[in-house]
Structure formats: C-alpha cells, structure tokens
Amino acid sequence: MSAPTIRIHPLAVRITHWVNAFALLLMVLSGWRIYNASPLFGFSFPKDWTLGGWLAGALQWHFAAMWLLFLNGIAYLAYGVVSGHFRRKLLPLSPRAALRDALDALRLRLRHDDLSVYNAAQRAAYLAAIALGVLLVLSGLVLWKPVQLQTLGALMGDYEGARYVHFFSMAGIVLFVAVHVLMVALVPRSLPTMITGRFRRTS
Ligand code: HEM
C-alpha cells in the first residue's frame, strides 16, 4: 500500500501565494515602465520587459494590481498570524542555522527531504520576503499620497527617500524570487505541494 499523503500547505496559503506571485509580476513589470519615465539611476529597463506601453498605461496597471497585492497581502498576513501558521512554519529562526543552511544550499548540499518543515534558510528568506513586501507597499503608499502620509514619508526621507526605499525593496524581492524559483527547480517535488497542498512521505 502506498504511503498516505499529508497536508502541508493550507488552502489559504496556496491561494494567497499564487495571487501574490501574479500581482507582483504585474506590479514589477508596470513599475519598471514607470521608472523608465524618470530613472533614479543611470539605466532604464528594456521596454520589452515592461507592461503598460507608456507612462499612463503603466500607472493604470500599477494602481489596479496594487489593490490585488494589498488586499491579498492583508489576507495572508492575517491568516498567518491568527491561525498560528507563521509561528509553526517560519519560527523559531536562528541566524546561525540560517547561515549554515544558506551555505549548504550554495554548495548544493542542503537536503529538503521532509517538505512539511522549512529549513532555516527558507524561514529567513520567507520572513525577509514578507518584510520587503510590507516595505514595498508602505513606500508605494507614500509615493501615491505624499501629503496625506507625510509622517510615514518622513521616516523614509520624504518623497525622494521613499523612491529609493521603493526601488531597493523591489530589487530585494526580485532577487528573492530569482533564488526562490532556482531552489524550487533544484527540489522540483516542492512545486506540486504548493498547488495541491499535499505530499507523500517516502520514509
Ligand atoms: C513562479 C514563481 C514561484 C514559484 C514557482 C514558487 C514556488 C513556491 C513553492 C514550491 C513553495 C513551497 C516551498 C516548500 O514547500 O519547500 C513556496 C513557498 C513560498 N513562496 Fe513561492 N513561488 C513563486 C513565487 C513567489 C513570490 C513572487 C513570492 C513573494 C515575493 C513567494 C513567496 C513565498 C513564500 C513567502 C513562501 C512560504 C509560504 C508560507 O508557507 O507561508 N513565492 N513557493
């Protein structure tokens, strides 16, 4: 008889995970088009990698996807805190263990046999991605309503500072996603678990 499957990713986490991935894709691609209209640094993003066609079109995509990202993010955070999901799956986190697991992952030595438990490098990366997502939304809100959100803006160095915070939190999330997708490619068994929620223990 084959081993029974166990549920490792709750439905709320799976839905919010994929909605988040979709909303972030729209936000990043339209954001790059908005950036190109007034670059902060000495480079622009290739036009083919952007969404919206022109500044006004990109702003419309950005504002539409913003609500999806924001409401979905609130749902994920509320579920994570209230259900105890964050406490169970992302905590406790030891910086020493996170560093050890990250180094093992770089040497392709990190084992991820029990998919029901995140290793310390995963916990650190997921918590960092969540924190960057919050920073991304807060700095975006400051750029959208700089007068109404002056106090929050002052914490980021006002409008200009918020542009840098927004850019670097975007860059951090893009880097996280690149590493995250690479890790999933290295452990492909983990992908179906984020769709069905279930996994079959082999030992
Ligand atoms: C095509 C893109 C993506 C793929 C294929 C993917 C795949 C996965 C998989 C398979 C897991 C479960 C890992 C495991 O069980 O070991 C996971 C978890 C997670 N992913 Fe992604 N992901 C993608 C995009 C994203 C994006 C854009 C973000 C956010 C910036 C993200 C954030 C997370 C987080 C926070 C978790 C942990 C969820 C929890 O348990 O609360 N992912 N992802």
Side-chain angles (χ1 to χ4, degrees), residues 5-32 49 51 61-62 65-93 97-98 101-102 104-106 108-140 165-203:
T5 58
I6 56 166
R7 200 189 70 150
I8 55 169
H9 297 305
L11 183 64
V13 169
R14 284 177 279 143
I15 293 177
T16 51
H17 176 268
W18 293 116
V19 170
N20 176 62
F22 176 65
L24 258 179
L25 181 72
L26 298 183
M27 291 300 278
V28 168
L29 297 184
S30 56
W32 287 355
W49 298 3
L51 182 67
W61 275 105
H62 213 61
M66 170 183 91
W67 291 113
L68 191 60
L69 185 78
F70 180 71
L71 295 174
N72 185 66
I74 295 280
Y76 172 66
L77 290 179
Y79 175 82
V81 172
V82 173
S83 70
H85 170 77
F86 288 156
R87 189 171 33 78
R88 270 194 311 275
K89 301 270 307 218
L90 302 182
L91 296 174
L93 176 65
D101 284 358
D104 280 353
L106 281 175
L108 300 180
R109 269 197 219 144
L110 187 62
R111 300 180 62 83
H112 189 27
D113 296 335
D114 183 355
L115 293 179
S116 64
V117 180
Y118 291 142
N119 59 57
Q122 275 181 299
R123 290 178 192 205
Y126 295 156
L127 286 170
I130 293 167
L132 283 172
V134 171
L135 204 55
L136 195 62
V137 169
L138 290 181
S139 53
V165 172
H166 203 58
F167 182 91
F168 285 115
S169 36
M170 174 282 294
I173 291 226
V174 169
L175 183 68
F176 161 80
V177 176
V179 175
H180 183 53
V181 172
L182 182 69
M183 289 301 168
V184 173
L186 290 176
V187 189
R189 294 180 303 128
S190 64
L191 184 57
T193 68
M194 211 17 145
I195 298 164
T196 64
R198 305 194 148 265
F199 118 98
R200 194 182 297 278
R201 254 189 237 275
T202 46
S203 56

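As the structure lists them, so they are numbered: ligands from 1, and atoms in each ligand from 1. Just so you know, residue 1 is the first one in the sequence shown, and it goes up from there.
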Under a 3.5 Å distance rule, please check whether [X] uses its side chain to pair with a backbone N or O of [Y] as donor and acceptor.
X      : Y      : result
Lys89  : Ile8   : yes
Arg189 : His112 : yes
Arg14  : Ile195 : yes
Arg123 : Ala98  : no

Among all protein heavy atoms, pick out the one at the shortest distance from [atom]; state its residue, atom name and that distance to 0.1 Å.
atom                    : result
atom 16 (O) of ligand 1 : His112 NE2, 2.7 Å
atom 10 (C) of ligand 1 : Ser190 O, 3.2 Å
atom 30 (C) of ligand 1 : Leu24 CD1, 3.4 Å
atom 39 (C) of ligand 1 : His85 NE2, 3.3 Å
atom 27 (C) of ligand 1 : Val177 CG2, 3.5 Å
atom 1 (C) of ligand 1  : Val181 CG2, 4.2 Å

(message) Just checking Trp61: does its CH2 atom have more than 12 heavy atoms from other residues, nucleotides or ligands closer to it than 6.0 angstrom?
(response)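 Open: at most 12 neighbouring heavy atoms sit under 6.0 Å from CH2 of Trp61.
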(message) Just to be sure I'm reading this right: ignoring hydrogens, which of Phe22, Tyr126, Tyr118, Tyr76 gets closest to atom 41 (O) of ligand 1? Compare them by their nearest heavy atoms.
(response)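 Residue with the shortest heavy-atom distance to the ligand atom: Tyr76.
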(request) Compare His17, His9, Met194 and give the one whose heavy atom is closest to atom 6 (C) of ligand 1. (result)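 The residue whose heavy atom sits nearest atom 6 (C) of ligand 1 is His17.
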(request) Decide yes or no for Met194 and Val13: does some side-chain heavy atom of the first lie under 4.5 Å from some side-chain heavy atom of the second? (result)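 When only atoms from C-beta onward are counted, Val13 and Met194 do touch, with a gap below 4.5 Å.
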(request) State, with a plain yes or no, whether a side-chain heavy atom of Val28 is found less than 4.5 Å away from one of Val177. (result)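 No. Closest side-chain heavy atoms not under 4.5 Å.
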(message) Tell me which one of Tyr79, Tyr126, Tyr76 satisfies ring-ring contact (aromatic ring centres under 6.0 Å, His included) with Phe86.
(response)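 Result for ring-ring contact (aromatic ring centres under 6.0 Å, His included) with Phe86: Tyr76.
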(request) Evaluate the ring planes of His180 and Phe176, with Trp represented by its six-membered ring, and classify them as parallel (under 30°), tilted (30 to 60°) or perpendicular (over 60°). (result)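 Parallel: the ring planes of His180 and Phe176 meet at under 30°.
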What are the atoms of ligand 1, with element, lying closer than 4.0 Å to any heavy atom of [X]?
X      : value
Phe176 : 28 (C), 29 (C), 30 (C), 31 (C), 32 (C)
Asn20  : 28 (C), 29 (C), 30 (C)
Leu191 : 5 (C), 10 (C)

(request) May I ask you to check if ligand 1 and Trp18 share an N or O to N or O distance below 3.5 Å? (result)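 In this structure, Trp18 places no N or O atom under 3.5 Å from an N or O of ligand 1.
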(request) Quick one: report the N, O or S atom of His180 that is nearest to atom 21 (Fe) of ligand 1. (result)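 Nearest N/O/S atom: NE2.
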